[in-house]
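Note on naming: letters A, B, ... go to the chains in the order of the sequence lines (proteins, then strands), and numbering restarts at 1 for each one.
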Protein chains: 4
Amino acid sequence: MSGRLCYFQAMRSENSPSGRKRASFIEEARRAQIIESAIDTFAELGYANTSLARVAERAGISKSVISYHFAGKTELTEQIVEQVYSDIAQFVLPRTEKEATSTRALRANIRAVAEYMRGHRTQLLALGEIFNNSRTAEGKRRFGVAYSEPVYEAREALFRSGQQAGEFRREFDPRVMSVAVQSAIDGMFAYWVTYPDHDLEAHADDLADLFEHATRTGHPRGEADR
Amino acid sequence: MSGRLCYFQAMRSENSPSGRKRASFIEEARRAQIIESAIDTFAELGYANTSLARVAERAGISKSVISYHFAGKTELTEQIVEQVYSDIAQFVLPRTEKEATSTRALRANIRAVAEYMRGHRTQLLALGEIFNNSRTAEGKRRFGVAYSEPVYEAREALFRSGQQAGEFRREFDPRVMSVAVQSAIDGMFAYWVTYPDHDLEAHADDLADLFEHATRTGHPRGEADR
Amino acid sequence: MSGRLCYFQAMRSENSPSGRKRASFIEEARRAQIIESAIDTFAELGYANTSLARVAERAGISKSVISYHFAGKTELTEQIVEQVYSDIAQFVLPRTEKEATSTRALRANIRAVAEYMRGHRTQLLALGEIFNNSRTAEGKRRFGVAYSEPVYEAREALFRSGQQAGEFRREFDPRVMSVAVQSAIDGMFAYWVTYPDHDLEAHADDLADLFEHATRTGHPRGEADR
Amino acid sequence: MSGRLCYFQAMRSENSPSGRKRASFIEEARRAQIIESAIDTFAELGYANTSLARVAERAGISKSVISYHFAGKTELTEQIVEQVYSDIAQFVLPRTEKEATSTRALRANIRAVAEYMRGHRTQLLALGEIFNNSRTAEGKRRFGVAYSEPVYEAREALFRSGQQAGEFRREFDPRVMSVAVQSAIDGMFAYWVTYPDHDLEAHADDLADLFEHATRTGHPRGEADR
DNA sequence: TATGAATGAGGATTCATTCAT
DNA sequence: CATGAATGAATCCTCATTCAT
């Protein structure tokens, strides 16, 4: 997930066909098959070892079928990102937004993401590979800042409103806290991937506690020291 | 830094020549030059776009010089990891260990890492690229669990002793907290890389506060709810 | 135009349907549309960069429409040549043949071609691309000698009759002069294509003068020298 | 030769190594071998059918040897152009410049080119293929105007000085005459390529006569008519 | 008539590595 | 110690063509 998971933003485009022309049933099926195959390959072999040839091989189709359905490797990866994004957003957002307080929303959000992870390990692994590695010809990251900002801003808003409501202490920077939450979630995922028997749910709850303690009003002893 | 930053472990090997035969002065100079050039290339272009040809070009030497001094791309990356590791450990560990309480040690640790980051951005970027991408021929991660465990164990020990000393609340899983800290640090680095004007020191202090609140004894209101 | 422009020969086939079976209206419309699109593509992108895909794209139709209406790329290019040829002949021949003397006929011919050029730049560019580049599978030129000879023969006849009539000096080889005229016309076209503001009409008149001087009776001073 | 043969300009760079770093003997030998093989392939199969694979095959070497010695297909073609140019210039220029009068210089020039042709058919065929077809990624001709102008200018100067000296009639546009001469030479080459038994020397002499008549002072009968 | 889908062959290029010098 | 030369495998991509619908 790579610290740049942006399910908030993705919400917007989930229902629009994003500029693509109407596609036939068989077209969509093939595209889905290829995307799935690509996701599996990215997840298993890593970005650098994922070639279109290997994706085709896994899908049991000819290399050029991919070229026929996608303009190139770039479009394929973009489609993967788009799809995974809207998928996450559709799952996480409703579960987050129904909560009344900021504290509860934060906990619900962390839990929802963890729940999603369990069912979409491969998808998220692939997304991470793409985010970390996809670059333009000039060497710049293809999925850069633009993809991170909306998530940070959404969480920032959550923390800010919690601070204004008096739920959260005012000393922390909402942006920093936002980055920390995202990082902790990413870290949880990476840890679970490494140790598949790890209890994801318990981890998520611990994380929720952690950030509840970290954000709630009250002064830690150490704060005066520095 | 990729969530698998293992400066604790590296400590062990920092003084031992790690199995390499004694090398001449010129040999070492060349190796250092190549490693530096490779680090720069990994950091700037990313793992997939870093070829030995590009490393050689940047170093102003012939491709085969690299082949002469390193068994292959694999050995080169291993050497980079080894070097960066011992470098980090040498900086961070003393600053962490001199603290008396667990709370202070945690804060010192976070601060030390942040301080190190500022002076070694490129190094750490390269390390991250390698960790995230270097794979064996079969597709398995080359720098996997073995490299992460020691860090987690070291931090776990820190939290456990803090809990036993009554400094930290007992409800959290030391391993989870350990993973969270590491993730937050990694996230801080990634954020700073994206926004170079970001105040790293302030971020580190916020992080220290965050985990102080998260670990100190005391019950958040929400904890009863779940 | 490529030095092999054969409007004389084409005359013959302009009214015969050249072996094609009677086609429906819609069939002819499609073929015309595709040919036009192909001409534009050849002219703009050059032979090597003109693929059926690009032609189809420009025409706003599917690739396979082309395959349906033409046996292959080869037939398409042949059709283009055939069409452009009969088009040129229809324009140039009447304007040439109505002249009484060889001298006037030559001038009229050059002028007519230049006039045609102005209105059919793209057509002629495409023709040149095809002539210069279309080859059989074995690498032989597809539009070779057979397409050049009739032009040379026609012009040769013009020069020969001029010589017999005493209009032209007898020292030059009619075939060489014929080739030179064709080359000069081709060169005029190429020059105008490069410099679109070039005065085509003035160029044509200069060319007519040039060949009038070159062919009329009388001995240049230098001729004795060699 | 494609109407863009620029041996005048090439003169300038014939002795300078044109920015390439000093190359070893074996390097130069390989490059020469590859260039020769490429020239043969271009000449025989045409531009579109000349792939690096075929060039390598003809040279009896591996494809990647070409990639090793040349940055790409583009550099290879550029090197061919550069070499053929300087070769032509070295042959034609001295033979042209030693003549005292413009009339004689023109004749000498035409003869020299024809003489060169006989010994370098393949070279010139390849050059023509490249000139007519090599394009940039955007579809623009790679060897465009810049390569034609110097030739035209040089010949233009010759005609102009002949006009000022009273050798040539003043009515013709030196630029048009210059283009015509170049076209006639190109046409002669193309004709000879098609009919290898054609008498090149006689053709050249006829051409020299032709342009002597065309340029010398005196008024053709027809000129008043238009 | 028309076309969406598929495909194998071939295109240029990059790569890590080997080897002789 | 250094490197120029070479190479085969693998990269993505484009192509003309075929076929079932």
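- Screening residues 58-67 of chain A for salt bridge (charged side-chain N to carboxylate O under 4.0 Å, His left out), with sequence neighbours left out, gives A/E44-A/R58.
- The pair D/R31-D/E82 does not meet the salt-bridge criterion, since no charged nitrogen lies less than 4.0 angstrom from a carboxylate oxygen.
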*Applying ring pair (Phe, Tyr, Trp, His ring centres under 6.0 Å), run through B/F42 and B/F131 and close with a yes or a no.*
CA-CA 11 Å; B/F42 277 125; B/F131 266 173; over 10 Å; no
*asked:* Using a 4.0 Å heavy-atom cut-off to protein, can you give one letter per nucleotide of nucleotides 8-15 of chain F, 5' to 3': B if the base is in contact, S if only the sugar-phosphate is, - if neither?
replied: B-BSSBBS
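- When atom types are taken as modelled, the side chain of C/S64 and the backbone of C/S67 share no donor-acceptor pair closer than 3.5 angstrom.
- Where DNA chain F pairs in unbroken runs of 3 or more (Watson-Crick or G-U, both distances under 3.5 Å), the stems are E:2-21 with F:2-21.
- With sequence neighbours excluded, no residue forms a salt bridge (Lys or Arg N to Asp or Glu O under 4.0 Å) with B/R30.
- Checked by atom type and distance alone, the side chain of A/Q79 never pairs as donor or acceptor with a backbone atom of A/I35 at under 3.5 Å.
- Where DNA chain E meets chain B (any atom under 4.0 Å from a heavy atom), the bounding nucleotides read 5' to 3' are E/dC15 to E/dT18.
- Residues C/F143 and C/Y47 place their aromatic rings such that the two centres sit no closer than 6.0 Å.
- Between the side chain of D/T41 and the main chain of D/S37, a donor-acceptor pair closer than 3.5 Å is present.
- If you measure from atom NE2 of B/H69 to atom P of F/dT3, you get 8 Å, rounded to the nearest angstrom.
- Summarising the geometry, atom CD belonging to A/Q83 is positioned 9.0 Å from atom CD belonging to A/E36; distances are rounded to the nearest 0.5 Å.
- The existence of a salt bridge linking B/R142 and B/E75 is excluded, since no basic side-chain nitrogen approaches an acidic carboxylate oxygen closer than 4.0 Å.
- Rounding to whole angstrom units, CZ of residue D/R30 and C1' of F/dT7 are separated by 11 Å.
- With A/R141 contributing its side chain and A/N132 its backbone, the two residues share a donor-acceptor pair below 3.5 Å.
- Each of C/I26 and A/V65 was matched to the nucleotide of DNA chain E holding its nearest heavy atom; the match closer to the 5' end belongs to C/I26.
- A donor and an acceptor atom, one from each side chain of B/N133 and A/N133, are located under 3.5 Å apart.
- The only member of B/T77, B/V55, B/L76, B/I39 that meets side chain to side chain contact (heavy atoms under 4.5 Å, CB included) when paired with B/T50 is B/V55.
- Only at 4.0 angstrom or more do the heavy atoms of residues 36-44 of chain C sit from any atom of DNA chain F, so none qualifies.
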